[in-house]
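The structure under discussion appears below in the form of structure tokens.
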There are 2 protein chains.
Amino acid sequence: MDKEKRKELEEKGFQIGSAAEFLGLTPEEEAFIEIRLELSSLIKSRRNKLGWTQQQLATAIGSSQSRIAKMEAGDSGITLDLMIKTLLKLGVSKQEIGKLLEGNLEMV
Amino acid sequence: MDKEKRKELEEKGFQIGSAAEFLGLTPEEEAFIEIRLELSSLIKSRRNKLGWTQQQLATAIGSSQSRIAKMEAGDSGITLDLMIKTLLKLGVSKQEIGKLLEGNLEMV
DNA sequence: TTTAATTATGTCAAATATGACATATTACGA
DNA sequence: TCGTAATATGTCATATTTGACATAATTAAA
């Protein structure tokens, strides 16, 4: 089952609802985490594609390298707001973000 | 120009970067705000479609009525995280959210 | 209008995210 | 190997968001 997955998520700091503690994540919890992971994944691949370091990206959005690292690691304690702002700064359009969530974006 | 729009945004609490103070929003700022408005708009229409009151929705997501009202008003001080969680609780799928951002979702 | 239900607005203490910073770890040439 | 750039991990004070609550404004039905 998802014991391994859950352990991984909890290490990243996610708080899993008690009802899901033994029965697995609710579909909503799953979808929410999927969205986060897909966004962070796109951040990493787009940054690499542009050849930027984490420090360069951090400066571009007025943040710090450590925060970029946490974003790309899918860590909790990072808001979707920060991820979306970062993606936009990387040149990813609203439409591309939409495609990503639909499952229609090849991230290269 | 966007003086009216800016005033409206500032009333909602948005902090507009100083460089954009007179020259207008950057494309990234614009896109970010658009995303927020589209999500809040979908929250309102979906809730109404289901015939839920703000209080009912608030209870469903473990929040409060005032927070729902602020979300639907496109107020700042509401994270995308909360909006996304709310949409998922309303039965909106990740794919539908993607379509929304792409501009391919008829909100009825 | 009068009433009741719903929604909007404002405030608060507690919880969480923030950038900055230090430092550990890894990756990769020379 | 060694040295260095890049990335990961952890901590901190500050800022922002949180749900809860009070209450005003709006809406709708009688």
Whole angstroms only, please: what is the [atom1]-[atom2] distance between [X] and [N]?
X: A/D75; N: D/dT7; atom1: CG; atom2: P; result: 17 Å
X: A/L80; N: D/dT17; atom1: CG; atom2: P; result: 14 Å
X: A/M71; N: D/dA8; atom1: CE; atom2: P; result: 12 Å
X: A/I61; N: C/dA17; atom1: CD1; atom2: P; result: 16 Å
X: A/Q54; N: C/dA27; atom1: CD; atom2: P; result: 13 Å
X: B/F14; N: D/dT17; atom1: CZ; atom2: C1'; result: 14 Å
X: A/N48; N: D/dT7; atom1: CG; atom2: C1'; result: 11 Å
X: A/Q55; N: C/dT23; atom1: CD; atom2: P; result: 17 Å

(request) State whether B/E30 and A/K94 are salt-bridged, where the test is any N-O pair (Lys NZ or Arg NE/NH1/NH2 against Asp/Glu carboxylate O) under 4.0 Å. (result)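 Salt bridge: no.
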(request) Determine, for A/K85 against B/E28, whether the closest basic-nitrogen to carboxylate-oxygen distance falls under 4.0 angstrom. (result) no
(request) Could you give me the CA-CA distance, side-chain angles and deciding distance for B/L57 and B/I43, then say whether side-chain contact (heavy atoms from CB on, under 4.5 Å) is met? (result) CA-CA 10 Å; B/L57 176 54; B/I43 288 171; 4.3 Å; yes
(request) Ignoring backbone atoms, establish whether B/R67 has a side-chain N or O less than 4.0 Å from OP1 or OP2 of D/dT18. (result)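 For D/dT18, OP1 or OP2 has a side-chain N or O of B/R67 closer than 4.0 Å.
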(message) Can you tell me if A/S63 touches the phosphate of C/dG19, counting only side-chain N or O atoms and a distance under 4.0 Å to OP1 or OP2?
(response) yes
Per [X] side chain, nearest of listed nucleotides [options]:
X: A/A69; options: D/dG19, D/dT9, D/dA6; result: D/dT9
X: B/K70; options: C/dG19, C/dT7, D/dA20; result: D/dA20
X: B/E72; options: C/dA17, C/dA8, C/dG10; result: C/dA8

(request) Remember a base hit wins even if backbone is also touched, and classify B/I68 as base, sugar-phosphate or nothing at under 4.0 Å, heavy atoms. (result) nothing
(request) Determine the contact category for B/L82: base if any of its heavy atoms lies under 4.0 Å from a base atom, sugar-phosphate if only primed atoms, P, OP1 or OP2 are that close, otherwise nothing. (result)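 The residue B/L82 makes sugar-phosphate contact but no base contact.
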(message) Suppose we call a contact any N or O donor and acceptor under 3.5 Å apart; does that hold for the side chain of A/S66 and the base of C/dC21?
(response)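 Yes, the side chain and the base share a sub-3.5 Å donor-acceptor pair.
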(message) I'd like to know if the side chain of A/Q55 pairs up with that of A/Q65 as donor and acceptor (distance under 3.5 Å, no hydrogens or angles considered).
(response)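 Judged by distance alone, the side chains do not pair up.
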(message) Using 0.5 Å steps for rounding, measure from the CZ atom of A/F32 to the CG atom of B/L87.
(response) 11.5 Å
(message) Can you work out whether B/Q65 or B/D81 has the more 5'-proximal nearest nucleotide on DNA chain D?
(response)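 Final value for this comparison: B/D81.
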